[in-house]
Amino acid sequence: MLVRDAQREVRSVFFGGAIGQLVSGVLWATSAALGTWGSKRQAILFLVFGGMFIYPAMQLVLRLMGRQASLAKENPLSGLAMQIAFTVPFSLPLIGAATMHNVAWFYPAFMVVVGAHYLPFIFLYGMWEYAVLAALLLGGGVALGMRMPHDFIIGGWYTAAVLLLFAGYAAGARREPQEAGGQPRGGSGR
């Protein structure tokens, strides 16, 4: 299987990442709501433990939509997808250390980790748009941590909005990227 074909399958199966971003956006919005109207502890625990269910929830939504929910065994990118998925939980000790130093750094630290985790999505999906998503989260996390080091909740709402907007964009932009001459990348589409 050629890389461009593997990327096309990733985009097709996972709806350009739209469902994953939707699930993640709802998770972040719920966490931010808990932080706004509940407690910081509730917000933190919800995001940390809720994050474990992003992939299963995404698969459930895809199946409810009547769509395939996994890549073909021949797709060489399935291993990369799994490796990328583990970067966030393996970074939780770093997020925890930042949070223990300053609880208001919880969301900014999480934003930096999640933003960095989106960088390999550029190759995985073959979509440059993931560079924009990564930059918005990485840059936003660093800026909030440095400029607003005592505001706990803004990073949660910011990330929820970015993820939900990206989900809407990805759902609408699922068509194949075009090369010069108007042909979809990877051939004539036949």
Side-chain angles (χ1 to χ4, degrees), residues 14-62 80-125 127-171:
F14 297 117
F15 210 64
I19 305 303
Q21 305 319 312
L22 176 65
V23 169
S24 297
V26 169
L27 175 74
W28 279 77
T30 304
S31 174
L34 287 169
T36 301
W37 296 293
S39 70
K40 291 176 184 173
R41 179 178 169 83
Q42 290 172 326
I44 290 168
L45 291 174
F46 189 82
L47 188 58
V48 168
F49 290 107
M52 295 178 198
F53 299 100
I54 292 172
Y55 185 73
M58 178 187 71
Q59 286 196 310
L60 176 64
V61 171
L62 287 169
L80 176 62
M82 186 183 319
Q83 292 167 12
I84 293 168
F86 283 107
T87 61
V88 175
F90 288 153
S91 299
L92 287 175
L94 178 63
I95 295 167
T99 304
M100 287 171 58
H101 180 74
N102 178 353
V103 73
W105 284 352
F106 171 73
Y107 285 120
F110 225 117
M111 292 166 67
V112 169
V113 166
V114 172
H117 135 277
Y118 280 126
L119 289 171
F121 278 49
I122 301 164
F123 178 76
L124 179 66
Y125 280 86
M127 292 173 61
W128 62 267
E129 293 89 342
Y130 276 102
V132 175
L133 178 60
L136 288 170
L137 295 180
L138 283 163
V142 170
L144 288 173
M146 293 177 68
R147 299 285 184 188
M148 303 175 83
H150 304 294
D151 189 335
F152 175 76
I153 201 63
I154 194 163
W157 288 116
Y158 171 87
T159 303
V162 168
L163 291 170
L164 292 170
L165 287 171
F166 190 85
Y169 170 80

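Throughout, numbering of the chain's residues begins at 1 and tracks the sequence.
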Are side-chain heavy atoms of F110 and T159 found at a separation under 4.5 Å? no
Quick one: side chain to side chain contact (heavy atoms under 4.5 Å, CB included) partners of A43, sequence neighbours excluded? S31, L34, Y107, F152
Minimum side-chain heavy-atom gap F106-V48 below 4.5 Å: yes
Apply the test side-chain contact (heavy atoms from CB on, under 4.5 Å) to residues L124 and Y130: give CA-CA distance (whole Å), side-chain angles for both, the deciding distance (0.1 Å), then the verdict. CA-CA 10 Å; L124 179 66; Y130 276 102; over 6 Å; no
Identify, with sequence neighbours excluded, every residue that meets side-chain hydrogen bond (donor to acceptor under 3.5 Å, both in side chains) alongside T36. W157
Using 30° and 60° as the class limits, which term best fits the ring planes of Y125 and F121: parallel, tilted or perpendicular? parallel
Contacts of type side chain to side chain contact (heavy atoms under 4.5 Å, CB included), residue A160, not counting sequence neighbours: W28, A29
Close side-chain approach of M58 and V61, heavy atoms under 4.5 Å: no
Set of residues satisfying side chain to side chain contact (heavy atoms under 4.5 Å, CB included) with respect to L144, sequence neighbours excluded: P108, M111, M148, I154
Which heavy atom of P89 sits nearest a heavy atom of A85, and at what distance? CD-O, 3.3 Å
Applied to residues 46-57, the side-chain hydrogen bond (donor to acceptor under 3.5 Å, both in side chains) test, sequence neighbours excluded, yields Y55-Q59
Scan the side chains in residues 92-105 for donor-acceptor partners under 3.5 Å anywhere in the protein, sequence neighbours excluded, and list what turns up.
residue : atom : partner : partner atom : Å
T99     : OG1  : I95     : O            : 2.8
N102    : OD1  : A104    : N            : 2.9
N102    : ND2  : P149    : O            : 2.7
W105    : NE1  : G145    : O            : 3.2

ring-ring contact (aromatic ring centres under 6.0 Å, His included) against F49, all qualifying residues, sequence neighbours excluded: none
Donor-acceptor pairs are to be reported for all side-chain atoms of residues 14-25 against protein atoms at under 3.5 Å, with residues two or more places apart or in another chain.
residue : atom : partner : partner atom : Å
Q21     : OE1  : Y118    : OH           : 2.7
S24     : OG   : G20     : O            : 2.9

Note: V114 and L137 closest approach over all heavy atoms is CG1-CD1, 3.9 Å
Can you find a heavy atom in the side chain of T87 that is under 4.5 Å from one in the side chain of V113? no
Side chain to side chain contact (heavy atoms under 4.5 Å, CB included) with L27: which residues, sequence neighbours excluded? F46, L47, I54
